[in-house]
Amino acid sequence: MKAAIYPGSFDPVTFGHLDIIKRSAKIFDELTVSVLDNKAKTPLFSVEERVKILEEVTKELPNVKVESFSGLLIDYAKEKGIRVSVRGLRAVTDFEYELQIAQTNRQLSGGDLDTVFLTTSLEYAYLSSSSVKEIASFHGDISQCVPEFVARLIYEKYGFEEV
Ligand code: PNS
């Protein structure tokens, strides 16, 4: 069975992430979307909230499950017996950062964890969780960036009751 992990912050999940999830779920038999519990960052959504949101947006995908992890990705992957990490690449600006993480993980894991990159669909190439948060914080329109119920939750975090 081919299994993969799709790790990330997902704060919040965007249509760009969802596109990568759906496409990876067609390539791998089982995909675990894994939310990083990063104590060094102050996220908009707690890890529990992000897991719940991801569970909701992936509920129609039977071979996708959602978990959280802390610490090193290679340790978490080893624990699960998974040897592939999936990451999305939007533009060349992502490449340097992603290449470094992929090579570090491969080196640190002694070759046990490889990274598979999927290029983001063009319509989502401009999307990022940070820009979604910035737009929402000014009550801008994020309907093209995230599912409707996620947009509502984001606006709520910024104190806007009406979408
Ligand atoms: O969505 P993000 O924030 O770009 O995801 C980054 C993530 C979670 C993939 C990366 O930060 C990660 O795997 N962190 C876990 C810690 C780790 O393993 N670091 C070593 C690689 S440099």
Side-chain angles (χ1 to χ4, degrees), residues 2-25 27-28 30-58 61 64-137 142 144-147 150-151 153-154 157:
K2 270 190 268 158
I5 294 171
Y6 178 27
S9 301
F10 305 106
D11 186 43
V13 65
T14 67
F15 282 135
H17 296 127
L18 256 179
D19 171 55
I20 299 292
I21 292 172
K22 286 179 185 163
R23 285 161 57 204
S24 306
I27 298 170
F28 297 97
E30 194 179 284
L31 181 74
T32 306
V33 181
S34 305
V35 179
L36 174 66
D37 186 358
N38 187 348
K39 305 282 185 223
K41 277 191 188 172
T42 312
L44 186 61
F45 291 99
S46 69
V47 176
E48 295 74 23
E49 288 172 321
R50 282 177 273 162
V51 167
K52 260 199 188 154
I53 292 171
L54 278 159
E55 279 172 348
E56 179 61 29
V57 298
T58 59
L61 303 167
V64 174
K65 62 179 173 178
V66 184
E67 290 185 355
S68 62
F69 76 105
S70 51
L72 290 179
L73 180 66
I74 54 157
D75 293 335
Y76 168 70
K78 190 173 183 180
E79 215 174 273
K80 296 182 67 65
I82 296 181
R83 303 173 66 102
V84 179
S85 164
V86 174
R87 293 284 289 170
L89 279 181
R90 287 167 300 192
V92 71
T93 39
D94 281 340
F95 183 73
E96 246 179 273
Y97 170 68
E98 293 295 340
L99 179 71
Q100 190 191 9
I101 296 185
Q103 288 177 335
T104 304
N105 284 337
R106 195 167 150 68
Q107 193 68 21
L108 275 182
S109 68
D112 280 347
L113 186 66
D114 258 309
T115 304
V116 168
F117 293 110
L118 294 189
T119 51
T120 306
S121 297
L122 282 179
E123 66 262 48
Y124 305 126
Y126 68 97
L127 265 182
S128 76
S129 295
S130 325
S131 57
V132 169
K133 284 184 276 196
E134 183 160 1
I135 297 165
S137 73
I142 52 170
Q144 289 177 54
C145 310
V146 298
V150 181
L153 293 172
I154 299 169
K157 289 278 181 190

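Only this structure's heavy atoms are used, side chains among them; waters, hydrogens and symmetry mates stay out. For the single chain, residues carry numbers from 1 onward in sequence order. Numbering of ligands and ligand atoms starts at 1, following listing order.
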**Complete:** In terms of its nearest heavy atom to atom 12 (C) of ligand 1, the top option of Leu36, Ile5, Leu108 is Leu36
**Asked** Distance from Glu49 atom CD to Leu153 atom CG, nearest 0.5 Å?
**Response** 8.0 Å
**Fill in**
Given the options Val150, Val132, Leu127, Phe15 meets side chain to side chain contact (heavy atoms under 4.5 Å, CB included) only with Leu127
**Message:** Is Arg87 close enough to touch ligand 1? Criterion: a residue heavy atom under 4.0 Å from a ligand atom.
**Reply:** yes
**Item:** Pairing residues for Phe69 by the ring-ring contact (aromatic ring centres under 6.0 Å, His included) criterion, not counting sequence neighbours
**Value:** Tyr76
**Prompt:** What protein heavy atom sits nearest atom 10 (C) of ligand 1, and how far away is it?
**Reply:** Ile101 CD1, 4.4 Å
**Fill in**
The atoms of ligand 1 lying under 4.0 Å from a heavy atom of Ser9, numbered in the order shown, are 1 (O), 2 (P), 3 (O), 5 (O)
**Prompt:** How far apart are the C-alpha atoms of Glu30 and Lys80, what are their side-chain angles, what is the distance that settles it, and do they pass the salt bridge (Lys or Arg N to Asp or Glu O under 4.0 Å) test?
**Reply:** CA-CA 12 Å; Glu30 194 179 284; Lys80 296 182 67 65; 5.9 Å; no
**Prompt:** Rounded to the nearest 0.5 Å, how far does CG of Asp112 lie from CZ of Arg106?
**Reply:** 9.0 Å
**Item:** Protein heavy atom at shortest distance from atom 19 (N) of ligand 1
**Value:** Leu72 CD2, 3.8 Å
**Request:** Please round to the nearest 0.5 Å and tell me the distance separating atom NZ of Lys2 and atom CD1 of Ile27.
**Result:** 8.5 Å
**Prompt:** Which residue from Gly71, Pro7, Ser128 reaches closest to atom 15 (C) of ligand 1 through any of its heavy atoms?
**Reply:** Gly71
**Prompt:** Considering only heavy atoms of Asn105, which atoms of ligand 1 have at least one such atom less than 4.0 Å away?
**Reply:** 20 (C), 21 (C)
**Asked** Atoms of ligand 1 less than 4.0 Å from Leu73 heavy atoms?
**Response** 13 (O), 17 (C), 18 (O)
